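All values below were derived from every heavy atom in this structure, side-chain atoms included, with hydrogens, water molecules and symmetry-related copies excluded. Given the structure is predicted, the values throughout are model-derived calculations rather than measurements.
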Amino acid sequence: MVLSVVARRSWPVLLLLVLGVASCTKIIKPGKQFAAYQPPSAPDYSLPASWAALPGRRDSADVVPRNTPLRDQQQTARADVFYVHPTTFFKREAWNADVADEDLNRFTDASVIRKQASVFNSAGRIFAPRYRQATLYSFFDEQSDNGNKALELAYGDVKAAFQYYLKHYNQGRPIIIASHSQGTHHATRLLHEFVDKNPKLRRQLVVAYLIGFKVKTAEYQALRPCADSTQTGCFVVWNSVEWGQDYPPFAGGVATNPLTWKLDTVAAPSSLNRGGVPFNFNRVDTAVVDAKVHNGLVWIHPPKPLGYPRFLLPGQPQLRHSFHIVDYGLFYLNLRQNAEARVRAYVSKQGKRP
């Protein structure tokens, strides 16, 4: 699943038309084959402009929800966070976004950098690359390999950004890898290519939050799903859907309960939910939803407060039960505190080593 169409301020009329009258996802299908487009220029990760978030620079990852006591603590954080954002590009003019598109960058920063990456600004210094993300339709392209080619191009940028980060920024610090949706598609592959078979990087890995996409239980040779709230060197996955619903493409995948951080199917009451943050990012709603693991998904009862929309996409009615858009928002404080706890556990373990 991928980030739903969330209106930029300049696009409300278009999006109302898309969601209201379109009968299928073809309305967001690029008009030409992948090979017919000239790809945008590749980002240069030595330039700060190629990053949506960098520590020591004021950006959207530094913010916290309004009217809360939360604070950005990146200056004193012991770990780093390499965050790969989800799809925010759904135009049909191309298969891949241009990292020089200022309107798109503003939208990305105001939406997912602000509402997802900021979760981690009390646990680590945040590094979030801009990349030539594949357009939304790439995930629904079943008739050609255009979508796969677009995703391959996007992954090449994420890989280059991670390599630059390791060489120039990391300096041996503990690493959290975090992602959502298309970002998780790429981050899952990063772990395969850089971490799973590399003992040094495995030792540096605090945790990988691979949220909003299917990840198999036996995805890796060495890395395993986290079994509790303080385990390190492991990965966490969830996909939020309405209680009682199934989504066959994710069947058999990993699902972590973000209220208990366990892999079992015991239902966790909403009283364990320390706080969700709605789309307008202006408050914390305690006990907003419960959670139960079910066959690659996390079941929730629909939240009563406003601001936690479903994933509505024309031509994809099977997604109407999904709360994919707010996978982070529904469990914002639980995720924030868990990242802090895992960093503390990691630092404590390192301190005890001879």
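Counting heavy atoms from C-beta outward, Y165 and L54 have side chains that stay 4.5 Å or more apart. Side-chain contact between Q133 and L104 is present, with at least one heavy-atom pair separated by less than 4.5 Å. Looking at S181 and H324, their side chains come closer than 4.5 Å, going by heavy atoms from C-beta outward. Between L191 and L223, some side-chain heavy-atom pair lies under the 4.5 Å cut-off. Contact annotation: the side chain of K149 never approaches that of Q33 to less than 4.5 Å [non-hydrogen atoms, C-beta and beyond]. Side-chain contact check for L330 versus P303: some heavy-atom pair is nearer than 4.5 Å. Between P65 and L70 there is a side-chain heavy-atom pair separated by less than 4.5 Å. Taking the side chain as every heavy atom from C-beta outward, P39 and Y37 never approach each other to under 4.5 Å.
Two rings, from F82 and F162, have their centers less than 6.0 Å apart. You'll find the ring centres of H185 and Y155 outside the 6.0 Å limit.
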Determine, step by step, whether L151 and Q182 satisfy the side chain to side chain contact (heavy atoms under 4.5 Å, CB included) criterion, reporting the C-alpha distance in whole Å, the side-chain angles of both residues, the deciding distance to 0.1 Å, and the verdict.
-> CA-CA 9 Å; L151 288 164; Q182 179 173 166; 3.9 Å; yes
Yes or no on side chain to side chain donor-acceptor pair (under 3.5 Å) for Q74 and N121, after CA distance, side-chain angles and deciding distance?
-> CA-CA 6 Å; Q74 291 182 73; N121 65 25; 5.9 Å; no
Side chain to side chain contact (heavy atoms under 4.5 Å, CB included) between F331 and N338, worked out | CA-CA 10 Å; F331 307 103; N338 183 253; over 6 Å; no
Which is it for Q204 and K200 under the side chain to side chain donor-acceptor pair (under 3.5 Å) test, yes or no, and what are the steps along the way?
-> CA-CA 7 Å; Q204 286 181 248; K200 179 179 182 295; 2.8 Å; yes
Decide side chain to side chain contact (heavy atoms under 4.5 Å, CB included) for R173 and N170; before the verdict, give the C-alpha distance in whole Å, the side-chain angles of both, and the deciding distance to 0.1 Å.
-> CA-CA 6 Å; R173 288 165 58 92; N170 175 252; 3.9 Å; yes
Start with the C-alpha gap between L205 and L201, add the side-chain angles, then the distance that decides, and say whether side chain to side chain contact (heavy atoms under 4.5 Å, CB included) holds.
-> CA-CA 6 Å; L205 182 68; L201 284 180; over 6 Å; no
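With hydrogens and angles ignored, the 3.5 Å screen pairs no side-chain donor or acceptor of N257 with any backbone N or O of K262. Judged purely by atom type and a 3.5 angstrom limit, D196 uses its side chain to pair as donor or acceptor with the backbone of Q221. Of the possible polar contacts, none joining the W95 side chain to the A134 backbone as a donor-acceptor pair under 3.5 Å is found. A distance-only check finds a donor-acceptor pair linking the side chain of N273 to the backbone of V289 [under 3.5 Å]. Not one N or O on the side chain of D285 forms a donor-acceptor pair closer than 3.5 Å with the backbone of V288. For the pair R274 (side chain) and N334 (backbone), a donor-acceptor distance under 3.5 Å is absent. Formation of a donor-acceptor pair under 3.5 Å by the D327 side chain with backbone atoms of S240 is found in this model. A donor-acceptor pair under 3.5 Å is formed between the side chain of S50 and the backbone N or O of D44. No donor-acceptor pair under 3.5 Å is formed between the side chain of D145 and the backbone N or O of N148. With hydrogens and angles disregarded, a donor-acceptor distance shorter than 3.5 Å links the side chain of R310 to the backbone of R320.
Considering Y83, Y131, F194 as possible partners of H186, the one that fulfils the ring pair (Phe, Tyr, Trp, His ring centres under 6.0 Å) test is Y131. Partner S122 forms a side chain to side chain donor-acceptor pair (under 3.5 Å) with one of Q73, E340, R71, Q337 and no other, that one being E340. A ring pair (Phe, Tyr, Trp, His ring centres under 6.0 Å) with Y209 is found for exactly one of Y328, F120, F235, namely F120. Remark: of the listed residues D59, D109, D157, D109 is the sole one forming a salt bridge (charged side-chain N to carboxylate O under 4.0 Å, His left out) with R130.
For the atom pair CD of E219 and OG1 of T188, the computed distance is 6.0 Å after rounding to the nearest 0.5 Å. Distance check, rounded to the nearest 0.5 Å: CZ of R66 to CG of N280 gives 6.5 Å.
Note: Y332 and F281 have perpendicular aromatic rings, judged against thresholds of 30 and 60 degrees for the angle between ring planes.
By the rule that hydrophobic residues join a cluster once side-chain heavy atoms approach within less than 4.5 Å of another member, I177 and V81 end up as members of separate clusters. By the criterion of side-chain heavy atoms lying less than 4.5 angstrom apart, applied directly or through intervening Ile, Leu, Val, Met, Phe, Trp or Tyr residues, V112 is grouped together with I176 in one hydrophobic cluster. Hydrophobic clustering (ILVMFWY, side-chain heavy atoms < 4.5 Å, transitive): F107 and I325 are in one cluster. Cluster annotation: W238 is not connected to V254 through the hydrophobic network of ILVMFWY side chains, with a link wherever side-chain heavy atoms come within less than 4.5 Å. Both F279 and Y308 belong to a single network of hydrophobic side chains, linked directly or stepwise wherever heavy atoms of I, L, V, M, F, W or Y lie under 4.5 Å apart.
For R92, the salt bridge (Lys or Arg N to Asp or Glu O under 4.0 Å) test picks out no residue, with sequence neighbours left out. Scanning for ring pair (Phe, Tyr, Trp, His ring centres under 6.0 Å) contacts around H294 gives W299, with sequence neighbours left out. When the ring pair (Phe, Tyr, Trp, His ring centres under 6.0 Å) test is applied to Y164, the partners found at least two apart in sequence or on another chain are H168, Y169. For Y346, there are no ring pair (Phe, Tyr, Trp, His ring centres under 6.0 Å) partners two or more places apart in sequence or in a different chain. For D98, the side-chain contact (heavy atoms from CB on, under 4.5 Å) test picks out P40, A100, D101, with sequence neighbours left out. Scanning for side-chain contact (heavy atoms from CB on, under 4.5 Å) contacts around S270 gives A287, D290, with sequence neighbours left out.
Scanning both residues, L259 and P269, for their nearest heavy atoms gives CD1-O, 3.6 Å. Residue R336 comes nearest to V119 through the heavy atom pair CG-O, 3.2 Å, listed as atom of the first residue, atom of the second, then distance. Closest heavy-atom contact between T217 and G252: OG1-O, 4.1 Å.
For CZ of R202, the number of neighbouring non-hydrogen atoms (other residues, nucleotides, ligands) closer than 6.0 Å is greater than 12. Within 6.0 Å of atom CZ in R57, more than 12 heavy atoms from other residues, nucleotides or ligands are found, so the atom counts as buried in its surroundings. Around the CG atom of L47, the shell of radius 6.0 Å holds more than 12 heavy atoms that belong to other residues, nucleotides or ligands.
Seen from the ring of W261, R342 counts as a face-on cation partner, given the 6.0 Å and 45° thresholds.
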